[in-house]
Amino acid sequence: MTQTVGTIQVAFLAKETCGHFKTGLPCPKGMWPAVTQFRLAANGILLTDAFIKTSQLWPDGSIKWLLCEGLIDLQRHSVSDEIVLTLEAVESDSPSIKLVSPVNNNDEALSLSLDSGKTFTINKAKPFQFVTDKHLSSSFDIVDINPQSITPIAFSYALHCNNNEYSALTVEQKYEIRLGSDKKLIVETEASIFLSTGTVCAHLTMRNPSAASHPNGKWDLGDPNSIYLKECCISFKGKSLESTLTLNSDIFSSSEYEELTLHQASSGFKNWQSPVHVNQDNINSLPFRGFKLYHPEHLLLSGDQAKPQIKISNIGSTFSIHVDKFWQNFPSSAHLTADSLSVSLLGSRHSECTELQPGEQKTRCISIAPFEIQSLQVVIDSAWLKNASVLPFLPSKSCEFDSLIKNGIESSSSFYQKRLDIDEFGWRHFGELYADHEKALVPDEPFFVSHYNNQYDPIFGMLMQWLLSGDPRWFELADDLAKHVADIDVYHTSDDKPEYSGGLFWHTDHYVQAYTASHRTYSKHQPCGVYDDHAGGGGPGGQHCYTNGLTLHYLLTGYTPSRDAALTITQWVTNYYEGDGTLLGALLALKNSETPGLKT
């Protein structure tokens with residue numbers, strides 16, 4: 001039986017391109033066994049470039065959540081303003097018996113035979129090193145640093161089917177990169193590769209796994225265990241390579257200019273010099289407003305927010321390269337020459353060094369496709385969502401608070417406006433919520449930097465509002481915040497004390513500015529005794545441990561950093577209150593057993 005499970009609004013999209021979607025779908029308890037195979041269709045047309053996998057089960061072993069990912073040729077739906085997604089269970093054949101695997105796996109590399117006859121090769125020795133028929137290769141590079149060693153830690157892959165045909169492969173990799181005698185960078189990649197065209201949709205995470213020193217419970221920038229990076233980037237090289245960059249409808253080519261550099265140095269908004277961007281010296285040192293595009297000695301173009309479209313061509317093939325939210329995660333760069341292209345993921349070689357704090361990470365999404373690709377958002381069908389009963393407290397009708405809630409996305413004090421007020425942009429800050437209520441004691445202060453973090457789980461609340469209303473603005477806010485929390489607000493280390501390692505940092509301290517604490521609550525610059533029982537120091541605390549939003553974000557999007565963050569926080573809370581299995585952990589658990597938060 002065919003089930004209508006969701007819709008995609010395409011009225012305002014460029015329909016001459018391709019769309020990519022990745023969405024979670026809830027399922028009613030007992031409806032489908034875990035081994036069920038499916039057929040996914042768009043407006044009745046079978047999606048061949050798609051796959052479906054199970055992400056969560058009900059207690060009885062039936063499917064609770066599915067994850068669907070795929071590509072849609074929007075030209076086939078050029079007369080539609082809306083695409084209806086339908087799901088149908090099909091008779092399960094065994095692909096391992098009836099189909100020939102397109103994968104050749106050995107110790108050095110994994111080779112994937114594409115439907116076009118080309119070979120897509122993944123090098124296991126280095127992160128994100130892909131080669132297409134030896135004509136075009138990609139790599140993860142660190143500018144101005146020659147790693148002492150790159151050690152593979154983990155490698156796994158899975159073949160996926162749609163309608164009993166192999167359609168895609170997902171691959172996960174993890175590496176330790178030694179940057180010096182006492183510094184290392186962990187790089188994790190997760191990529192979906194579609195067999196029909198070799199399209200890659202991926203994300204990469206760069207992490208400093210060391211513990212912070214946090215003297216006297218203060219967590220300021222400038223920690224001795226921080227890593228200072230000029231730029232981490234994705235590079236492309238190939239024979240007879242030609243790169244083009246489209247910016248504001250202007251096209252710039254490496255065949256016309258031997259070298260091109262795009263540099264997004266700040267948000268480009270009027271408050272770009274906000275103290276939210278201070279460095280370890282408590283100074284905002286951003287060099288200029290917005291972006292600049294230049295040839296080595298000549299400025300070609302400047303503006304506020306760069307939204308580049310980048311293509312590379314060689315040996316008759318053309319690929320579109322897209323790094324998600326380029327300007328929002330400044331400083332960002334793109335560098336084009338006659339035989340290479342690089343796009344930054346973290347930092348810019350043209351800005352000052354980026355400080356990656358101990359336990360801090362950054363994840364960026366990237367796509368590589370032989371066509372322009374757009375991100376599509378699937379809105380779960382309301383009747384299907386209600387029938388699935390995965391969110392039993394989801395209201396089914398409007399309430400008296402709806403107009404008040406809607407102020408969050410369209411009033412003069414909306415979350416979007418708050419971003420602009422404090423310039424909550426840049427790789428470390430984008431997605432965070434501005435806690436403007438903390439300036440109550442100094443209402444006339446022009447810039448009062450205070451970060452809300454995930455206090456009271458706004459991720460969960462925003463996702464619920466999106467599921468209720470279908471308004472994409474709620475999803476955008478939740479998605480941006482979840483990615484920020486998963487990367488920046490969670491303490492990604494196992495080397496600190498158990499009550500800190502893996503914890504979720506508090507919102508920044510009440511009624512005082514963050515200064516150089518950034519998103520880590522307590523700064524050495526903050527005054528003491530600001531309010532009754534003011535602590536003025538410490539670390540992640542057991543009463544700040546919101547995981548429902550991160551979990552729901554993962555189930556709705558398949559974004560694994562959100563899943564990993566939720567699991568990390570869960571383990572941290574266990575260690576905080578129950579100990580980590582050591583004698584010291586048992587003593588800590590005994591100490592914390594009288595903490596009121598344990599009983600909440």
Side-chain angles (χ1 to χ4, degrees), residues 1-8 19-73 76 83-105 110 112-115 120 156-172 190-199 201 376 378 380-381 383-385 387-390 554-560 563:
M1 181 178 180
T2 301
Q3 306 286 345
T4 297
V5 293
T7 57
I8 301 171
H20 170 256
F21 67 92
K22 189 174 184 179
T23 186
L25 294 174
C27 305
K29 184 178 180 180
M31 186 170 190
W32 288 314
V35 295
T36 304
Q37 296 288 321
F38 295 96
R39 179 186 292 116
L40 187 65
N43 286 346
I45 302 172
L46 177 68
L47 291 176
T48 55
D49 291 333
F51 65 90
I52 305 165
K53 64 179 183 179
T54 301
S55 52
Q56 192 178 62
L57 298 176
W58 288 99
D60 66 355
S62 62
I63 297 171
K64 186 175 184 180
W65 282 91
L66 291 170
L67 179 66
C68 306
E69 183 175 3
L71 305 174
I72 298 179
D73 182 358
R76 300 186 72 178
I83 295 175
V84 178
L85 291 182
T86 54
L87 191 65
E88 181 182 6
V90 297
E91 185 177 346
S92 178
D93 294 326
S94 177
S96 61
I97 297 174
K98 294 192 174 184
L99 299 178
V100 177
S101 172
V103 172
N104 180 21
N105 186 26
L110 184 148
L112 181 65
S113 298
L114 304 179
D115 293 351
F120 188 98
S156 63
Y157 74 93
L159 271 169
H160 302 289
C161 291
N162 184 35
N163 196 33
N164 290 320
E165 296 284 344
Y166 286 132
S167 56
L169 176 138
T170 54
V171 60
E172 297 183 34
E190 181 179 333
S192 297
I193 305 156
F194 294 91
L195 300 183
S196 62
T197 58
T199 295
C201 297
L376 303 178
V378 177
I380 299 174
D381 181 78
W384 179 254
L385 178 63
N387 186 46
S389 299
V390 293
Y554 163 67
L555 292 171
L556 287 168
T557 65
Y559 187 68
T560 50
R563 176 201 65 192

Any side-chain heavy-atom pair from Thr170 and Glu190 closer than 4.5 angstrom? no
Working to the nearest 0.5 Å, report the span between CG of Asn105 and CG of Leu112. 11.0 Å
NZ/Lys29 to OG/Ser62 distance, rounded to the nearest 0.5 angstrom? 7.5 Å
Stepwise side-chain contact (heavy atoms from CB on, under 4.5 Å) check, Leu40 with Asn163: CA-CA 8 Å; Leu40 187 65; Asn163 196 33; over 6 Å; no
Option passing side-chain contact (heavy atoms from CB on, under 4.5 Å) with Asn43 (candidates Ile72, Leu85, Thr86, Val84): Val84
Could you check if a side-chain atom of Lys53 sits within less than 4.5 angstrom of a side-chain atom of His160, using non-hydrogen atoms only? yes
List the atom of Leu555, the atom of Gln56, and the distance in Å for their closest heavy-atom pair. CD1-OE1, 3.9 Å
Which of these passes side-chain hydrogen bond (donor to acceptor under 3.5 Å, both in side chains) with Ser192: His20, Lys22, Glu69? Glu69
Given side chains that start at C-beta, do those of Thr199 and Leu71 come closer than 4.5 Å, heavy atoms only? yes
Could you tell me if the side chain of Phe120 sits less than 4.5 Å from the side chain of Ile193, heavy atoms only? yes
State the CD1-CD1 distance between Ile45 and Ile83, to the nearest 0.5 angstrom. 8.5 Å
After noting the C-alpha distance and the side-chain angles of Leu110 and Asn104, does the key distance pass the side-chain contact (heavy atoms from CB on, under 4.5 Å) rule? CA-CA 6 Å; Leu110 184 148; Asn104 180 21; over 6 Å; no
Check: Trp384 side chain, Leu25 main-chain N or O, donor-acceptor pair, under 3.5 Å: no
Check for a donor-acceptor pair, side chain of Trp58 on one end and backbone N or O of Cys27 on the other, with a separation under 3.5 Å. yes
Determine the minimum heavy-atom distance between Leu57 and Lys64, stating which atoms define it. C-CB, 3.7 Å
Closest heavy-atom pair and its distance - Leu67, Ser55: N-OG, 4.2 Å
Return the set of residues passing side chain to side chain donor-acceptor pair (under 3.5 Å) with Thr48 (not counting sequence neighbours), or none when no residue passes. none
Which residues satisfy the ring pair (Phe, Tyr, Trp, His ring centres under 6.0 Å) test with Phe194, sequence neighbours excluded? none
Side-chain touch Leu47/Phe21, heavy atoms, less than 4.5 angstrom: yes
Between Ala89 and Thr36, the two heavy atoms sitting closest are CB-CG2, 3.7 Å
Apply side-chain contact (heavy atoms from CB on, under 4.5 Å) to the pair Leu66 and Phe38, showing each step before the final yes or no. CA-CA 10 Å; Leu66 291 170; Phe38 295 96; 3.9 Å; yes
Nearest 0.5 Å please: distance from the CG atom of Leu159 over to the OG atom of Ser167. 9.0 Å
Verify side chain to side chain donor-acceptor pair (under 3.5 Å) between Asp115 and Ser196, making sure each step is shown before the conclusion. CA-CA 5 Å; Asp115 293 351; Ser196 62; 5.1 Å; no
Contact between Trp65 and Val390 at the side-chain level, heavy atoms closer than 4.5 Å - yes or no? yes
Grab the two heavy atoms, one from Asn162 and one from Ala50, that are nearest each other, plus how far apart they are. CB-O, 3.1 Å
Using side-chain contact (heavy atoms from CB on, under 4.5 Å), reason through Phe51 and Leu195 one step at a time and then give a plain yes or no. CA-CA 11 Å; Phe51 65 90; Leu195 300 183; over 6 Å; no
Quick one, Leu87 and Trp32 - any side-chain contact, counting heavy atoms below 4.5 Å? yes
Considering all heavy atoms of both residues, which atom of Val378 and which atom of Gly6 are nearest to each other, and what is their separation? CG1-CA, 4.2 Å
Validation row: Asp381, Val5 side chains within 4.5 angstrom (heavy atoms): no
